[in-house]
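Scroll down for the structure; my scribbles are underneath it.
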Amino acid sequence: MNDIERNEKLIGRVKRVLAEYLEVCNEERTPYICKLKETPQGYKEVEDFVIKVVIKGGNNVGFAIMEMERQLNPNYIID
């Protein structure tokens, strides 16, 4: 298996896990993500962000979702 095939497999796995997370989206913890997932454009935005964070940073999908929520949600801003 070459690098392209490995990356495609990883991206597919990340998309499946993300879909599971978003299916049971917790609006109390991640209101901005839950709102974004309601439109195709918003879902794609979340998907792209999560894929980038997981592949480049080696983090898991849950971490990536919370990272995006922290960037969007002013209640999570820490000075």
Side-chain angles (χ1 to χ4, degrees):
M1 182 182 307
N2 65 33
D3 287 343
I4 293 172
E5 290 171 329
R6 206 170 300 121
N7 285 342
E8 286 174 349
K9 216 174 204 180
L10 177 59
I11 289 170
R13 193 172 331 133
V14 169
K15 285 182 177 185
R16 284 190 300 278
V17 172
L18 176 62
E20 291 175 18
Y21 268 92
L22 295 180
E23 190 174 308
V24 292
C25 201
N26 182 333
E27 291 192 27
E28 286 186 21
R29 291 190 68 201
T30 57
Y32 285 79
I33 299 296
C34 293
K35 178 90 171 141
L36 272 174
K37 77 168 185 132
E38 297 301 322
T39 66
Q41 180 181 351
Y43 190 98
K44 177 81 169 117
E45 188 177 329
V46 173
E47 189 176 72
D48 291 345
F49 182 89
V50 169
I51 289 169
K52 184 174 77 173
V53 169
V54 170
I55 289 178
K56 287 188 176 186
N59 297 298
N60 65 35
V61 172
F63 175 88
I65 290 170
M66 288 308 298
E67 185 62 30
M68 186 172 190
E69 183 70 26
R70 276 191 285 281
Q71 291 180 16
L72 296 171
N73 191 336
N75 293 321
Y76 285 155
I77 294 175
I78 300 172
D79 291 332

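Just so it is clear, the values below take in all heavy atoms, side chains as well, and ignore hydrogens, waters and symmetry mates.
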Can you name the nearest heavy-atom pair linking [X] to [Y], along with the distance?
X: Leu72; Y: Pro74; value: O-CD, 3.4 Å
X: Asn73; Y: Pro31; value: ND2-CG, 3.7 Å
X: Arg6; Y: Asp3; value: NH1-OD1, 2.7 Å
X: Gly42; Y: Thr39; value: N-OG1, 2.9 Å

Would a 4.5 Å heavy-atom cut-off, applied to side chains only, mark [X] and [Y] as touching?
X: Lys35; Y: Glu27; value: no
X: Cys34; Y: Arg29; value: no
X: Gln71; Y: Phe49; value: yes
X: Val46; Y: Lys37; value: no
X: Leu10; Y: Ile55; value: yes

Inset, instruction - With side chain to side chain contact (heavy atoms under 4.5 Å, CB included) as the test, would you mind laying out the steps for Val53 and Ile65 before giving the verdict? - result: CA-CA 9 Å; Val53 169; Ile65 290 170; over 6 Å; no
Inset, instruction - Could you please spell out the steps behind the side chain to side chain contact (heavy atoms under 4.5 Å, CB included) verdict for Tyr76 and Met66? - result: CA-CA 10 Å; Tyr76 285 155; Met66 288 308 298; 4.1 Å; yes
In Å and rounded to the nearest 0.5 Å, what is the [atom1] to [atom2] distance from [X] to [Y]?
X: Asn26; Y: Ile33; atom1: CG; atom2: CD1; result: 12.0 Å
X: Asn75; Y: Arg70; atom1: CG; atom2: CZ; result: 13.5 Å
X: Leu18; Y: Ile51; atom1: CG; atom2: CD1; result: 7.5 Å

Inset, instruction - Test Glu38 against Tyr43 for side chain to side chain contact (heavy atoms under 4.5 Å, CB included), laying out the working first. - result: CA-CA 7 Å; Glu38 297 301 322; Tyr43 190 98; over 6 Å; no
Inset, instruction - Using the salt bridge (Lys or Arg N to Asp or Glu O under 4.0 Å) rule, take Lys44 and Asp48 through it: C-alpha gap first, then chi angles, then the decisive distance, then the call. - result: CA-CA 6 Å; Lys44 177 81 169 117; Asp48 291 345; 2.8 Å; yes
Legend entry - Neighbour count above 12 (heavy atom, 6.0 Å) for Gln41 CD: no
Inset, instruction - Might you work through the side chain to side chain contact (heavy atoms under 4.5 Å, CB included) test for Val14 and Glu47, ending with a clear yes or no? - result: CA-CA 9 Å; Val14 169; Glu47 189 176 72; over 6 Å; no
